A.B. asks: 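Take this structure first; my questions come after.
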2 protein chains.
Amino acid sequence: MVYGDHVEDRPVFDAASAEPLYMQVADYIEGQVKAGNIARGQRLPSERDMGEYYGVAYQTVRRAMRELRERGLVESVLGKGTFITKK
Amino acid sequence: MVYGDHVEDRPVFDAASAEPLYMQVADYIEGQVKAGNIARGQRLPSERDMGEYYGVAYQTVRRAMRELRERGLVESVLGKGTFITKK
DNA sequence: ATGCATTTGTCCGTATGTATG
DNA sequence: TCATACATACGGACAAATGCA
């Protein structure tokens, strides 16, 4: 999947929420995977692209990715990208 | 020496290490020279071949060669190859 | 003299990792 | 949180020099 393809509406994240932005992003992506909208083994868009797409900063996406790595949902490979773990 | 001849086990480089990959490669080759496993004046395998052999990208090998040139351990000649300096 | 293969050299694009303000 | 910069790493493409048939 490439951002630009229309798969679902861009989610709206609330910077004023008690829930940190990066957590909202992480939860959203986890939800997309669990809903089957993002396949296992699939590569996510670059962190920079996700930042633009979601309207949040690069570092916020990085925090979200770190969160997802800790949850075991994704794996990041330097120079290649971030991938949804097989299971 | 050609890679394919068995001289020593392929080293395993750790992409997750704090030590950059190119530095690990450079250090390994310097170690091989100092250990006498690679002779002075000898030509190294091509940078592309070393990349395949070591499981790293061509540009990463190039970076390692630059490091070794700066250390004075090797000299590169366009069209010919990279050679271990006499001293 | 003319190709052809080999090798180093250069550049670009993409991506993650780290650090700073 | 955001913006920016730099380092590291990979992949592809092309150029330049060398050597050989």
Side-chain angles (χ1 to χ4, degrees), chain A residues 1-5 11-29 38 41-85, chain B residues 1-5 11-29 38 41-85:
Chain A
M1 176 183 67
V2 177
Y3 284 1
D5 296 2
V12 177
F13 299 118
D14 179 15
S17 167
E19 184 84 343
L21 257 185
Y22 78 86
M23 197 65 77
Q24 295 176 48
V25 173
D27 288 343
Y28 173 77
I29 291 176
I38 305 179
Q42 189 176 310
R43 213 205 87 209
L44 291 174
S46 79
E47 297 177 334
R48 263 108 180 162
D49 283 352
M50 284 193 280
E52 275 194 32
Y53 184 80
Y54 292 134
V56 299
Y58 166 58
Q59 292 292 353
T60 301
V61 174
R62 280 199 56 70
R63 275 173 177 264
M65 291 306 105
R66 191 181 78 183
E67 174 64 27
L68 292 180
R69 279 194 294 274
E70 287 167 358
R71 292 184 195 175
L73 192 80
V74 305
E75 282 171 5
S76 300
V77 181
L78 177 59
K80 297 197 162 175
T82 299
F83 304 81
I84 307 297
T85 50
Chain B
M1 176 182 66
V2 177
Y3 284 1
D5 298 4
V12 177
F13 299 118
D14 179 14
S17 166
E19 185 83 344
L21 260 183
Y22 78 85
M23 198 66 80
Q24 295 177 49
V25 173
D27 288 344
Y28 173 78
I29 292 176
I38 305 180
Q42 189 177 309
R43 213 208 82 197
L44 290 175
S46 80
E47 297 174 334
R48 261 98 181 174
D49 285 351
M50 284 194 279
E52 275 195 32
Y53 184 79
Y54 292 135
V56 300
Y58 167 58
Q59 292 292 350
T60 301
V61 173
R62 283 203 50 77
R63 189 75 180 73
M65 291 307 104
R66 190 180 90 183
E67 176 66 26
L68 292 181
R69 279 195 296 274
E70 287 167 357
R71 293 183 194 175
L73 192 80
V74 305
E75 283 170 3
S76 300
V77 182
L78 177 58
K80 297 184 108 173
T82 300
F83 305 82
I84 307 297
T85 51

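Since the structure is predicted, the reported quantities are computational estimates derived from the model, not experimental observations. Proteins get letters first, then strands, A, B, ... in listed order; numbering begins at 1 in each.
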A.B. asks: Verify, without hydrogens or angle tests, whether B:T85 (side chain) and B:L73 (backbone) share a donor-acceptor contact under 3.5 angstrom.
C.D. replies: yes
A.B. asks: Atom CD of B:E67 to atom P of D:dA9: distance rounded to whole Å?
C.D. replies: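 These atoms are roughly 12 Å apart.
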A.B. asks: How close or far is atom C1' of C:dG9 from atom CZ of B:R63, stated in whole angstroms?
C.D. replies: 15 Å
A.B. asks: Give me the atom names and distance for the closest heavy-atom approach of A:L68 to A:A26.
C.D. replies: CD2-O, 3.5 Å
A.B. asks: Give a yes or no on whether a salt bridge exists between B:R48 and B:E52, defined as a side-chain N under 4.0 angstrom from a carboxylate O.
C.D. replies: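 Between B:E52 and B:R48 there is no salt bridge, as every charged N stays at least 4.0 Å from the carboxylate O atoms.
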A.B. asks: Could you state the atom-to-atom distance from CD of B:E19 to P of D:dA9 in whole Å?
C.D. replies: 9 Å
A.B. asks: What does A:R62 touch in the nucleic acid at a heavy-atom separation under 4.0 angstrom: a base, only the sugar-phosphate, or nothing?
C.D. replies: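 Counting heavy atoms under 4.0 Å across all strands, the contact made by A:R62 includes a base.
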A.B. asks: Quick one, A:M50 with A:V25, criterion side-chain contact (heavy atoms from CB on, under 4.5 Å). Give me CA distance, side-chain angles, the key distance, then yes/no.
C.D. replies: CA-CA 10 Å; A:M50 284 193 280; A:V25 173; over 6 Å; no
A.B. asks: What's the closest nucleotide to the A:T60 side chain, out of D:dA9, C:dT10, D:dT1?
C.D. replies: D:dT1
A.B. asks: Checking all strands, does A:Y58 fall into the base, sugar-phosphate, or nothing category for heavy-atom contacts under 4.0 angstrom?
C.D. replies: base
A.B. asks: For DNA chain C, write out the stems as range with range, using runs of 3 or more consecutive Watson-Crick or G-U pairs with both distances under 3.5 Å.
C.D. replies: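 So the stems come out as C:2-21 with D:2-21.
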A.B. asks: May I have the distance from B:R66 (atom CZ) to C:dT10 (atom C1'), rounded to whole angstrom?
C.D. replies: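 One finds 13 Å between C1' of C:dT10 and CZ of B:R66, rounded.
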A.B. asks: Tell me the closest heavy-atom pair linking A:I29 and A:M65, and the distance in Å.
C.D. replies: CD1-CE, 3.5 Å
A.B. asks: Round to a whole Å and report the spacing from CG of B:L21 to P of D:dG11.
C.D. replies: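 Whole-Å distance recorded here is 12 Å.
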A.B. asks: I would like to know whether B:R63 and B:Q59 meet side-chain contact (heavy atoms from CB on, under 4.5 Å); could you show each step before the answer?
C.D. replies: CA-CA 6 Å; B:R63 189 75 180 73; B:Q59 292 292 350; over 6 Å; no
A.B. asks: To the nearest Å, how far apart are A:M65 CE and C:dA15 C1'?
C.D. replies: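 A:M65 atom CE is separated from C:dA15 atom C1' by 14 Å.
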A.B. asks: B:E75 has an atom CD; how far is it from atom P of D:dA17, in whole Å?
C.D. replies: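 These atoms are roughly 19 Å apart.
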A.B. asks: What pair of heavy atoms forms the shortest contact from B:T60 to B:Y22, and how long is it?
C.D. replies: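 Shortest heavy-atom separation between B:T60 and B:Y22 comes out as O-CB, 3.6 Å.
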A.B. asks: Counting primed atoms plus P, OP1 and OP2 as sugar-phosphate and everything else as base, spell out the protein contacts along nucleotides 2-7 of chain C at 4.0 Å heavy-atom distance: B, S or - for each nucleotide, 5' to 3'.
C.D. replies: -----B
A.B. asks: Using a strict cut-off of less than 4.0 Å between a Lys/Arg side-chain nitrogen and an Asp/Glu carboxylate oxygen, indicate whether A:R71 and A:E67 qualify as a salt bridge.
C.D. replies: yes
A.B. asks: Roughly, in whole Å, what's the span from CD in B:Q59 to P in C:dG13?
C.D. replies: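 Those two atoms, CD and P, are 14 Å apart.
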A.B. asks: Taking side-chain contact (heavy atoms from CB on, under 4.5 Å) as the criterion, tell me which of B:D49, B:I38, B:V61 meets it with B:L44.
C.D. replies: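 Passing option: B:I38.
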